[in-house]
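Throughout, residue positions are numbered sequentially from 1 according to the sequence presented.
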Amino acid sequence: MKWSGRFEGYTIQSLRRDLVAGLIVGVVAIPLAMSFAIASGVKPQFGIYTTIVAGFLISLFGGSKFQIGGPTGAFVPILLGIVLQYGYENLLIAGMIAGVILILMGIFKLGILIQFIPRPVTIGFTSGIAVIIFSGQIANFLGLQHIKSHEYFLSNMKEIGAHLSTWNIYSVLTAVICLAVLLFLPKILPKLPASLAGLVVSSVIASIFFSGKIATIGSTYGMIPDTLPKFSMPHLSLDIIIQLLPAAFVIAMLGGIESLLSAVVADGMTGSRHHSNRELIGQGIANVVTPLFGGIPATGAIARTATNIKNGAASPISGMIHGLVVLSVLVLLAPFASTIPLSSMAPILMVVAWNMSERKESVHVLKTKSSDSIILLITFLLTVLTSLTTAVEVGLALAVIIFVIRMRDILTVTKVLPDPSMKNEKVKPYMVNENHDCPQISIYTIEGPLFFGAADMFQKSIMDTTSSHVRVLLLRFGKVPFMDATGEANLARVVQYVKNSGGTVLFSAMQSQPRVYMRKTGLDLRIGTEHFFDHTGEAISFALGKLDDNKCLGCSHFAFRECTALSSNKDESKVITYIDKSRSVDL
């Protein structure tokens, strides 16, 4: 770990700035930590433990100077599903496995892979998560009784609908008071943490006027302990690990995405640069250690990171201080936290959901009415109606399929021959009728990547339009930037097809990647290294020497025995004139 870059030029003034920022972020984090824990189906103190342990470790070992870690809204639907299906103990194990995955991703420098997740997929599942969080707080906002949490959105909506008659006017009033503070305080006193103020004001009013009439943290979950739990290793077995591996992988992927997005936001706000792989390792260490103290999975929190920066943070020390502040509050004020009404916490999460809903970005993408709009909508709907795992898998699969189709459409295979309608002009490549094809030579211009999605089309285009009597097949590869194994295999079939007819295949202007790939597979040796040319003019001059000077093999338009090279310049504009009623084409 290189500390110089993260603490270079650190002074007493920097420490003062970190103390102020850490104190403010720690205060902001407390209500969010409890709220996210409750929304995830676990006791509120587990969110506090996560903020303390993971918040400290992410700042200590991570790759961003300003990252603030802890429980986040993005994890809510995943963690709730795991708790409902496997239980809290197995959630801790899934978090640890996810931490190991993140560490391995960082060690093997896979941080860059996060960048390849399409924006429509990210917007889609983030918006879906926001809907799940918001809808999940309706019951607490209304004070509904005897509500059971379900894994899926529609089941939860049915549960709420079936219990609407149990709503509590005192819970609604408490929630409305908190919501009012959240909405109006930032306009009056923008430097005060609105979530904490809303929680305190609504809780005090509720304790004075509605005492015993609404559900609180203490009445629902019991008293919050004033210390961290003892170190405890969950029971691990191979069967449990295999069973939880898919859930852990989703936690790791989402945690990696969320933390790196947060680090990018921090970079944009400060002009700094984070180390993506180190950040993944730091996140992984935090998620391995936090479950040992009862904490749930954690990641970088964009809103808290932004708050940290806006309040003058100078280094990762502010994030460590934020964890210590939460620990101090736990020790000193745990009994008071137990009196907080659940309806006071509901508006906090609803506002968080609203802020993370990606409304403007969604509208922006949907306005395009493109394939990106379809990917966004499907990912969003699947996140809400099924699970985040299914949504991300389907969203990524759709994005890949659409990308392959787009890349396939980019590849063009164009046969080049003189245009009878144009004289002495540079003629763009075009397809001609097979009846106008000279059987001795075929020239094709290939443009675009030759990969698995387009390789079959490439092969058919060449073989279906090339005479079986062709003496020379010239492939102009100057605009083929990439070739994969499938493309190489189909190209080899084309080469063999021409060879079986007694012909020769030539290549001109081939780029480095396809050329190197053909060397590795040995295809260039099967073709003959002397059949590769830097310029099309050189290839055509070589081709003319291969042709039959005495017979035209039935070509009704012109004989290649009459072709003459008019220029010796080695460039793409070398002119080969075909003597046929004075027509010429610039190749």
Minimum heavy-atom distance [X]-[Y], with the two atoms named:
{"X": "Ala543", "Y": "Ile441", "result": "CB-CD1, 3.8 Å"}
{"X": "Met457", "Y": "Arg408", "result": "CB-NH2, 3.5 Å"}
{"X": "Ile133", "Y": "Gly73", "result": "CD1-O, 3.2 Å"}
{"X": "Phe153", "Y": "Ser135", "result": "CE1-OG, 3.5 Å"}
{"X": "Val505", "Y": "Val495", "result": "CG2-CA, 4.0 Å"}
{"X": "Ala492", "Y": "Arg526", "result": "CB-NH2, 4.1 Å"}

Report yes if some heavy atom in the side chain of [X] is under 4.5 Å from a heavy atom in the side chain of [Y]; otherwise report no.
{"X": "Asn287", "Y": "Ile97", "answer": "no"}
{"X": "Leu411", "Y": "Leu450", "answer": "yes"}
{"X": "Leu254", "Y": "Thr299", "answer": "no"}
{"X": "Glu279", "Y": "Leu260", "answer": "yes"}
{"X": "Thr389", "Y": "Phe249", "answer": "no"}
{"X": "Trp354", "Y": "Arg359", "answer": "yes"}
{"X": "Leu475", "Y": "Leu491", "answer": "yes"}
{"X": "Phe61", "Y": "Ile58", "answer": "no"}

Please round to the nearest 0.5 Å and tell me the distance separating atom [atom1] of [X] and atom [atom2] of [Y].
{"X": "Thr536", "Y": "Ile540", "atom1": "OG1", "atom2": "CD1", "result": "6.5 Å"}
{"X": "Lys479", "Y": "Gln511", "atom1": "NZ", "atom2": "CD", "result": "10.5 Å"}
{"X": "Ile129", "Y": "Glu358", "atom1": "CD1", "atom2": "CD", "result": "10.0 Å"}
{"X": "Gln283", "Y": "Ile101", "atom1": "CD", "atom2": "CD1", "result": "14.0 Å"}
{"X": "Met96", "Y": "Ile251", "atom1": "CE", "atom2": "CD1", "result": "12.5 Å"}
{"X": "Ile112", "Y": "Met105", "atom1": "CD1", "atom2": "CE", "result": "12.0 Å"}

Take atom [atom1] of [X] as the centre, draw a 6.0 Å sphere, and report whether it contains more than 12 heavy atoms from other residues, nucleotides or ligands.
{"X": "Phe451", "atom1": "CZ", "value": "yes"}
{"X": "Lys109", "atom1": "NZ", "value": "no"}
{"X": "Tyr86", "atom1": "OH", "value": "yes"}
{"X": "Arg273", "atom1": "CZ", "value": "no"}

Side chain to side chain contact (heavy atoms under 4.5 Å, CB included), paired with Leu102, selected from Val288, Ile285, Leu280: Leu280

Parallel, tilted or perpendicular: which one describes the rings of Phe477 and Phe458, with boundaries at 30° and 60°? perpendicular

Side-chain donor or acceptor of [X] paired with backbone N/O of [Y] under 3.5 Å:
{"X": "Thr72", "Y": "Ala301", "answer": "no"}
{"X": "Lys415", "Y": "Thr465", "answer": "yes"}
{"X": "Ser371", "Y": "Ile402", "answer": "no"}
{"X": "Glu447", "Y": "Thr412", "answer": "no"}
{"X": "Thr126", "Y": "Ile123", "answer": "no"}
{"X": "Thr379", "Y": "Ile375", "answer": "yes"}
{"X": "Thr390", "Y": "Thr386", "answer": "no"}
{"X": "His535", "Y": "Glu538", "answer": "no"}
{"X": "Asn308", "Y": "Arg304", "answer": "no"}
{"X": "His364", "Y": "Lys360", "answer": "no"}

Do we see a donor-acceptor contact under 3.5 Å between the side chains of [X] and [Y]?
{"X": "Ser262", "Y": "Ser259", "result": "no"}
{"X": "Tyr444", "Y": "Thr466", "result": "yes"}
{"X": "Ser373", "Y": "Thr368", "result": "yes"}
{"X": "Ser508", "Y": "Arg476", "result": "no"}
{"X": "Gln243", "Y": "Asp239", "result": "no"}

Checking Val413 against Ile462 for the side-chain contact (heavy atoms from CB on, under 4.5 Å) test, could you report, in this order, the C-alpha distance in whole Å, the side-chain angles of both residues, the deciding distance, and whether it holds? CA-CA 8 Å; Val413 179; Ile462 300 289; 3.5 Å; yes

Hey, is Arg493 close enough to Glu488 for a salt bridge, meaning N to O under 4.0 Å? no

Are the ring centres of Phe542 and Phe533 closer than 6.0 Å? yes

What do the steps show when you test Ile257 against Ile117 for side-chain contact (heavy atoms from CB on, under 4.5 Å), and what is the final call? CA-CA 9 Å; Ile257 294 170; Ile117 297 179; 3.0 Å; yes

His274 vs Lys65, test: side-chain contact (heavy atoms from CB on, under 4.5 Å). Steps then yes/no. CA-CA 7 Å; His274 74 280; Lys65 290 177 67 175; over 6 Å; no

Within 45 degrees of the ring normal and closer than 6.0 Å to the centroid, is that where the cationic atom of Arg515 sits relative to Phe532? yes

Go through it in stages, so that I can follow the logic: the residues are Ile296 and Phe75, the test is side-chain contact (heavy atoms from CB on, under 4.5 Å), and I'd like the CA-CA distance, side-chain angles, deciding distance and then a yes or no. CA-CA 10 Å; Ile296 60 179; Phe75 277 145; over 6 Å; no

